[in-house]
Amino acid sequence: MNKSIWNPHFETMSREQMREVQSERLRDVVERVYYNVPSYRAKMQAAGIGPEHIQSIDDLSKLPFTTKQDLRDNYPYGLFAVPMSEIIRIHASSGTTGKPTVVGYSRRDIGVWSEVMARTLTGAGAGKEDFIQIAYGYGLFTGGLGLHYGGEKIGASVIPISGGNTKRQLQLMQDFGSTVLACTPSYAAYLAEAIEESGIDRKELKLRIGVFGAEPWTENMRREIEKKLQIRAIDIYGLSEIIGPGVSFECPHQCGLHINEDHFIPEIIDPETLEVLPEGELGELVFTTVTKEGLPIIRYRTRDLTRLNFGTCACGRTLVRMNKCTGRSDDMLIIRGVNLFPSQIESVLLGMDETTPHYLLVVDRVNNLDSLELHVEVEDRFYQDTISDLQKLRMKIQNHVESATGLSVSVKLVEPKTIERSEGKAKRVIDKRPAVWS
Amino acid sequence: MIIKQLSVFLENKSGRLHEVFDVLGASNINVSACSVADTSEFGILRMIVSEPEKARDILKEKRFSVNISEVISFVTPNTPGALARTLKVLSDTNISIEYLYGFSVGEKSFIALRSDNVEKAIMELQRHEMELISANDLYKF
């Protein structure tokens, strides 16, 4: 048995076998939601569809989509498909607008979650000899507990330190001999900086793997973290509406994230026309959970933009791969009519020697024109002592951003360590423009 | 004759300048000369201090962005045309001046000057018997 694959049966099965597994499970979940969730039944009836119309995954596109708004409209438990007596856990994601999104797990769902997280951690190269420092937040957020279940399932020693308290993170990392660090990539970058400053000798740390997710990050950011922490940084992907972390994961080949598609069937759609796109095309990722009991979800629009690759990976897994997500359709800023993802800015900064990946974008509207200001920290290694050095640096960043995004930007140089460091998801954008009501 | 000067990057925010001097004062470091070059958004504070390396480390610890650069310092008579004569020595030998700052009191003017070629500037000034100030005289207090 291949030690680096947790569940070879499902993770390496042929496309034909996978389609059979998915089709059977899809028929089952459609029946469950049709008979147990009034809102799904009403939507399907409105579309003139019943469970009898869904025979295989080829019929998936006949089903209506589910959006975050559906979850809000049915707040808190309206979309649950089992009686509340069967629900053993409730999580919620922070709602930036309005009510939080509430998700429920049956006992079996927690089992599925542990399974997909065991696959994730095994895929990252972790095993029972490892010490996993879980610096994701524990609580209503799914990050902490998701990693926790996976870590226990593979038999690793789990250190449930949760997020924040950087000094303590470093101390336990040293004293407990953590070999795996799990947190958001922005917190990993922050910890790397804190280690440098603390004067801890890297040789005293046993850290070898980072398992980072919950926010989009670029390849450049990965290389920066890998270099600074001297680890292999693995991307993991998930969202609470689907299960939390564990939806998809990278193997050490770092060439896309394997989707646990026997549980979560992916599709890529055009976010405008809602048509399913062929393999390899960039579009919005949509998931149907086929094994979940508490909150099964049909064709959920994630707003994340990526593409799918069905080729077999060098690691031996046949699970379809999705590209690393670097943008969300709702992260996208529209500045003077031009689309801009904050990750594009991050990429530019990391591609230059004279900048750090810490930045803040401030968008405003002055005299009916969008303005874009980019705050970048000045470290002493980037200038000598003349104003002209600093003006040159500003111009260089402005030119790089402009050529990468097509947008003119005003760069503001700020003092080191003044841009807020995040212990959870990083805040990169302040949009001061008045909301447009349509 | 080369004098170490500290350059501190400062955002245009009230209180920052005070913070620098407060930190240095608390560490018993004396500032014998200073100047601020400013733009609308940020500035560079340049200072000649006692114990430049120690001052740099202290400021870095307080998360300031600090560099050490080299300047020269000299004395001219506090009379019309005196500085012009000194600067002519430099311009005649194609030495560029990046910036300078100075102050006069009594019969003397004190100038700190940053040039693209510090060694050559010192040589030329010495050759013309101008009065240079040594680093030790400036650092001590």
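We name chains A, B, ... by the order of the sequence lines, and we start the count at 1 in each one.
- Annotation for Gln5(B) and Asp385(A): closest pair NE2-OD2, 3.1 Å, computed over non-hydrogen atoms.
- Proximity to chain B is limited to the side chain of Thr418(A), based on heavy atoms less than 4.5 angstrom apart.
- Across all non-hydrogen atoms, the minimal contact from Val411(A) to Glu41(B) is O-OE1, 4.0 Å.
- The pair Lys60(B)-Asp380(A) counts as a salt bridge, with a side-chain nitrogen and a carboxylate oxygen less than 4.0 angstrom apart.
- By the 6.0 Å contact criterion, NZ on Lys120(B) is enclosed, its count of non-hydrogen atoms from other residues, nucleotides or ligands being greater than 12.
- Looking at Leu6(B), neither its backbone nor its side chain comes within 4.5 Å of chain A, counting heavy atoms on both sides.
- With hydrogens and angles disregarded, a donor-acceptor distance shorter than 3.5 Å links the side chain of Glu11(B) to the backbone of Glu415(A).
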Show the numbers, then the answer: is there a side chain to side chain contact (heavy atoms under 4.5 Å, CB included) between Ile387(A) and Phe42(B)? CA-CA 9 Å; Ile387(A) 296 282; Phe42(B) 59 83; 4.2 Å; yes
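- Counting non-hydrogen atoms of other residues, nucleotides and ligands closer than 6.0 Å to NZ of Lys13(B) gives a total above 12.
- Residue Phe103(B) qualifies as open at atom CZ: its count of foreign heavy atoms under 6.0 Å is 12 or below.
- When the shell of 6.0 Å around NZ of Lys206(A) is examined, it contains 12 or fewer heavy atoms from other residues, nucleotides or ligands.
- Annotation: side chain of Gln391(A) is in contact with side chain of Thr39(B) (closest heavy-atom distance under 4.5 Å).
- Using a distance-only test at 3.5 Å, with no hydrogens or angles considered, a donor-acceptor pair links the side chain of Asn67(B) to the main chain of Tyr383(A).
- Remark: Glu197(A) engages Arg63(B) in a salt bridge, criterion side-chain N to carboxylate O under 4.0 Å.
- Note on Ser7(B), Ala37(B), Gly43(B): by heavy-atom pairs under 4.5 Å with chain A, the leading option is Ser7(B).
- By the neighbour-count criterion of 12 heavy atoms within 6.0 Å, atom NZ of Lys228(A) is densely surrounded, having more than that number from other residues, nucleotides or ligands.
- Across all their heavy atoms, Leu390(A) and Phe9(B) have their closest contact at CD1-CD1, 3.7 Å.
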